[in-house]
Protein chains: 2
Amino acid sequence: MEATIEKEICVTHTKETCVTAVAAVRDTLYVLNGKWKLPLLLALADGPKRFKEIQRDLQEITPKVLSKELKELELNEFLERKVFATTPVTVTYELTPYSRSLDKVLKELREWGLQHRQRIIKSRKNKVE
Amino acid sequence: MEATIEKEICVTHTKETCVTAVAAVRDTLYVLNGKWKLPLLLALADGPKRFKEIQRDLQEITPKVLSKELKELELNEFLERKVFATTPVTVTYELTPYSRSLDKVLKELREWGLQHRQRIIKSRKNKVE
DNA sequence: GATACTACTATCCTAAAGGATACCGGTATC
DNA sequence: GATACCGGTATCCTTTAGGATAGTAGTATC
């Protein structure tokens, strides 16, 4: 073990950078966390949608939770809420270009996750045999 | 917006691959989730440690929670529990080589997190001014 | 005038994560 | 014989995420 995780994640070994690094990782985890963040980002990936429209797409989400999740995503600048003065008023939610900055992270998360699942399934098999 | 998140994360646009991709991302998030997973991995990064030793390093963790987290990390094959027949018995926890496969993921998470924090701080400043 | 749709908010409830505290069997030390 | 250390487990409690259900203001439709 030459390049330890600590080396990787903390870059240098001072306590301060370590704390910062852990906080940064946690920030990212936090932003993506919760049951609905990912499905919500995906639901909006094919263009702007209205509140009820999203609710119908995600089927099981309650309006309270949807409202909260949308607000969080908006605070993180992943989406923009637009109000149109139609009658009745129309509200749409639309992904920002910045939301695409997650692509690289999501790709890594997906690949590691796929690989990990395979590995764990394999290990369990070996133990049973 | 040419390469949407959907394209990035789902690779193809069929519903099945999308569901799999979301599940894979969520698997990874789940593995790293919780208050203590990261600090624990870091604590073990400089070599094997004993139960009480880890508890002292992390200071605020209770034995119950530490025990649970260690078991989860072991199930995910990030660490190995070794029992030595000394008197009294000695138990050590040690990172596996496989735990290093997280390095790349953690690096992405850290970098995105750092960048995001800067961005959000900046936006808030602009709004106040 | 009754019903329905939109974009939500409000209130209550449940389950799970995590913390506080106490304890356990075994050994070693004073 | 009392106290302390190790590696935990057991029990209770609090906080938080999220769900269930109901309701609201404004408009449109029958």
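So you know, we letter chains A, B, ... as the sequences are listed, proteins then strands, and number each from 1.
- One finds a side-chain N or O of R50(A) lying less than 4.0 angstrom from the OP1 or OP2 phosphate oxygen of dA7(C).
- If you take NZ of K49(A) and C1' of dT6(C), they are 17 Å apart, rounded to a whole angstrom.
- Note that CD of Q55(A) is 10.5 Å distant from OG of S67(A), once rounded to the nearest 0.5 Å.
- T96(B) contributes a side-chain N or O that, together with a main-chain N or O of F78(B), makes up a donor-acceptor pair within less than 3.5 Å.
- A donor-acceptor contact shorter than 3.5 Å is absent between the side chain of E74(B) and the backbone of K71(B).
- Under the 30°/60° scheme for interplanar angles, the aromatic rings of Y98(A) and H116(B) are found to lie parallel.
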Summary of protein contacts for nucleotides 15-30 of chain C, nucleotide by nucleotide, where a base hit scores B, a sugar-phosphate-only hit scores S (4.0 Å, heavy atoms): ---BBB-------S--

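- Put simply, CG on L44(A) and CD on E94(A) are 9.0 Å apart, with the number rounded to the nearest 0.5 Å.
- Computed from coordinates, the L38(A) CG to dG18(D) P distance equals 13 Å when rounded to whole Å.
- One can place CD of E74(A) at 14 Å from C1' of dC8(C), the figure rounded to the nearest angstrom.
- For the atom pair CG (L73(B)) and CH2 (W36(B)), the distance works out to 13.0 Å, reported to the nearest 0.5 Å.
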